[in-house]
Amino acid sequence: MHEPIEQREALWDEFLQRWPLEHLAAMTLETYNQAGADDSFCRWLEKHTEYLGSIWGGSSLKFGIYSRANSKKDPSSQNGVTSNERYAWYTRYGQSEEEAFTRVRGLIVSAAQAAREGRLDDIEAIDLWPIVKRKIAFLYQDRQQPTVLPIYLRKYLAAAIDGP
């Protein structure tokens, strides 16, 4: 079911009020991603803004680092993944949860700023999962001069641009 445009615009406003670009650089790991928390940044990207384009499914690693609800499942058996009892993250982002989050947060800020300034090529070069950085780009773009569609998978984006 598609929400009326007024509701989607209100939802977008609500997201930007809760997560203004100017505050992203001060975001903490706990506010970014916390198992069971409904008000985290990642929860907003995936659940609360679903009507602005879905990024449901796949691994929670798409967020770069995530809080582990189930410490019995060890994601570090995957190549390039590190975990401890609280978090799992891509090793390329850092050796500790703090180091990894600092890197991921910086990439998020870069994606949001590039989107706001209309620098789309810069967004594609950012080392975050494509669906995550594209959703961030959509949400933080200049709403008076939009340049990003709410379509986050490359194959669907290509179909929307190129047609059938």
Side-chain angles (χ1 to χ4, degrees), residues 2-68 86-94 96-154 156-158 160-161:
H2 298 287
E3 299 298 311
I5 193 150
E6 296 82 17
Q7 284 182 297
R8 285 183 276 158
E9 290 285 330
L11 177 60
W12 200 348
D13 290 340
E14 188 179 352
F15 172 83
L16 290 173
Q17 287 169 6
R18 175 61 184 97
W19 299 103
L21 173 59
E22 301 73 32
H23 295 170
L24 291 181
M27 180 170 44
T28 66
L29 178 52
E30 290 73 24
T31 58
Y32 176 66
N33 188 302
Q34 189 64 40
D38 197 47
D39 192 40
S40 71
F41 183 80
C42 293
R43 190 74 169 161
W44 273 88
L45 288 180
E46 191 168 52
K47 177 188 176 202
H48 298 303
T49 60
E50 178 179 9
Y51 291 120
L52 300 175
S54 177
I55 62 167
W56 279 106
S59 169
S60 293
L61 281 165
K62 68 185 167 207
F63 297 116
I65 182 169
Y66 73 95
S67 173
R68 297 176 56 203
R86 296 182 52 210
Y87 293 94
W89 63 91
Y90 283 114
T91 309
R92 70 180 184 266
Y93 294 138
S96 69
E97 63 196 56
E98 295 85 9
E99 191 178 309
F101 174 65
T102 298
R103 175 77 177 130
V104 168
R105 181 181 57 202
L107 295 169
I108 289 167
V109 170
S110 294
Q113 288 176 331
R116 183 70 52 88
E117 296 166 8
R119 294 182 286 113
L120 303 183
D121 288 340
D122 290 354
I123 296 163
E124 285 305 307
I126 292 171
D127 182 25
L128 286 172
W129 267 44
I131 63 169
V132 172
K133 68 183 172 187
R134 290 178 188 143
K135 177 104 183 222
I136 290 167
F138 173 79
L139 291 167
Y140 287 101
Q141 69 183 308
D142 179 349
R143 290 172 71 183
Q144 303 309 309
Q145 297 181 328
T147 56
V148 181
L149 295 171
I151 303 170
Y152 309 117
L153 281 174
R154 180 178 293 281
Y156 296 128
L157 187 57
I161 293 169

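Small disclaimer: the values here were computed from a predicted structure and weren't measured.
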Checklist line | Separation between NZ of Lys47 and CD1 of Ile55, rounded to the nearest 0.5 Å | finding: 14.0 Å
Note to self: Counting C-beta onward and ignoring hydrogens, is there a side-chain heavy-atom pair between Asn33 and Ile65 closer than 4.5 Å?
What the structure shows: no
Margin query: Using the salt bridge (charged side-chain N to carboxylate O under 4.0 Å, His left out) criterion, which residues pair with Glu14? Sequence neighbours excluded.
Written below: none
Check: Taking only residues two or more places apart in sequence, or in another chain, which ones meet Glu99 in a salt bridge (charged side-chain N to carboxylate O under 4.0 Å, His left out)?
Finding: none
Next item on the list: Salt-bridge test for Lys133 and Asp122: reply yes if a basic N is under 4.0 Å from a carboxylate O, no otherwise.
Entry: no
Notebook entry, point to check: Considering residues at least two apart in sequence or located in another chain, which fulfil the side chain to side chain donor-acceptor pair (under 3.5 Å) criterion with Lys135?
Noted result: Thr49
Next item on the list: Apply ring-ring contact (aromatic ring centres under 6.0 Å, His included) to Tyr140 and list each qualifying residue two or more places apart in sequence or on a separate chain.
Entry: Phe15
Notebook entry, point to check: Less than 4.5 Å apart, any side-chain heavy atom of Glu98 and any of Leu29?
Noted result: no
Notebook entry, point to check: Between the main-chain N or O of Thr147 and the side-chain N or O of Gln141, is there a donor-acceptor pair closer than 3.5 Å?
Noted result: yes
Notebook entry, point to check: Side-chain contact, heavy-atom cut-off 4.5 Å: Thr31 with Phe41?
Noted result: no
Notebook entry, point to check: Which pair of non-hydrogen atoms, one from Pro150 and one from Leu52, has the smallest distance, and what is that distance?
Noted result: CB-O, 3.3 Å
Note to self: If you define the side chain from C-beta out and look only at heavy atoms, does anything of Leu45 sit under 4.5 Å from Phe63?
What the structure shows: yes
Check: Closest heavy-atom contact between Ile123 and Ala137?
Finding: CD1-CB, 3.7 Å
Notebook entry, point to check: Would you say Tyr90 and Val104 make side-chain contact, with heavy atoms under 4.5 Å?
Noted result: no
Note to self: If you define the side chain from C-beta out and look only at heavy atoms, does anything of Arg105 sit under 4.5 Å from Leu24?
What the structure shows: no
Item checked: Nearest heavy atoms of Ala35 and Ser67, plus distance in Å -> N-OG, 3.0 Å
Next item on the list: Would you indicate whether the side-chain heavy atoms of Leu139 and Val148 approach each other to under 4.5 Å?
Entry: no
Check: Would Tyr51 and Gln7 count as a side chain to side chain contact (heavy atoms under 4.5 Å, CB included) if you check the C-alpha gap in whole Å, the side-chain angles of each, and the deciding distance to 0.1 Å?
Finding: CA-CA 9 Å; Tyr51 291 120; Gln7 284 182 297; over 6 Å; no
Next item on the list: Test Tyr66 against Tyr87 for ring pair (Phe, Tyr, Trp, His ring centres under 6.0 Å), laying out the working first.
Entry: CA-CA 6 Å; Tyr66 73 95; Tyr87 293 94; 8.4 Å; no
Notebook entry, point to check: Which side-chain hydrogen bond (donor to acceptor under 3.5 Å, both in side chains) pairs, counting each pair once, include a residue from residues 18-27, with sequence neighbours left out?
Noted result: Arg18-Asp39
Checklist line | Residues Asp38 and Arg43 bridged, charged N to O under 4.0 Å | finding: yes
Next item on the list: Would you please name every residue forming a side chain to side chain donor-acceptor pair (under 3.5 Å) with Asp121, sequence neighbours left out?
Entry: none
Check: Counting N and O atoms only, with roles assigned by atom type, does the side chain of His48 sit under 3.5 Å from a partner on the main chain of Ser40, one being a donor and the other an acceptor?
Finding: no
Item checked: Minimum heavy-atom distance between Ile136 and Ala112, given as atom pair plus value -> CG2-N, 3.9 Å
Check: Closest heavy-atom contact between Asp127 and Leu107?
Finding: O-CD1, 3.3 Å
Item checked: Side-chain donor-acceptor pair present, Trp56, Glu50, cut-off under 3.5 Å -> yes
Next item on the list: Check Glu30 against Gln34 and note the closest heavy-atom contact, atom names and distance.
Entry: O-CB, 3.4 Å
Item checked: Arg103 side, atom CZ; Arg92 side, atom CZ - distance, nearest 0.5 Å -> 9.0 Å
Next item on the list: Report yes if the side chains of Tyr93 and Thr102 come closer than 4.5 Å at any heavy-atom pair, otherwise no.
Entry: no
